Amino acid sequence: MPETKGRELTFGEAVKEAIAEEMHRDSRVFVIGEDVAEAGTPFKVLSGLVDEFGTDRVIDTPISEPGFTVWRSGRR
């Protein structure tokens, strides 16, 4: 098998890099989820995105699926 040259990334690093690349490319892209902003997810996969893109584009939701579903639909 031929040797390939390239970078070696963990799955988490590849996910973060892909999200950041799209956020740089398109200002309409945002991330929303449980512990994605301040905590950077439990495994710290998204750490640094909130510093780079701000809390308007990296948004923490309540740790409650019904809670952020209602929030997203605009209901109170």
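Worth saying up front: this structure is predicted, and the values here are computed from it rather than measured. Hydrogens, waters and symmetry mates are skipped; everything else that's a heavy atom, side chains included, is used.
With respect to Arg7 and Glu17, a salt bridge is recorded, a charged nitrogen being found less than 4.0 Å from a carboxylate O.
At least one side-chain heavy atom of Phe30 sits under 4.5 Å from a side-chain heavy atom of Ile59.
Rounding to the nearest 0.5 Å places CD of Glu52 at 8.0 Å from CE of Met23. In this structure, the separation between CG on Leu46 and CZ on Phe53 is 11.0 Å, given to the nearest 0.5 Å. The CZ atom of Arg28 sits 10.5 Å away from atom CZ of Arg57, with the distance rounded to the nearest 0.5 Å.
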Original post:
side-chain contact (heavy atoms from CB on, under 4.5 Å) between Leu49 and Ile19: does it pass, once the steps are laid out?
Top reply: CA-CA 9 Å; Leu49 287 182; Ile19 291 170; 3.9 Å; yes
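Listed by chain and residue number, Leu9, Thr10 satisfy the side chain to side chain contact (heavy atoms under 4.5 Å, CB included) test with Glu13 (two or more places apart in sequence, or in another chain).
Here the side chain of Asp60 pairs a donor or acceptor atom with the backbone of Val36 at under 3.5 angstrom.
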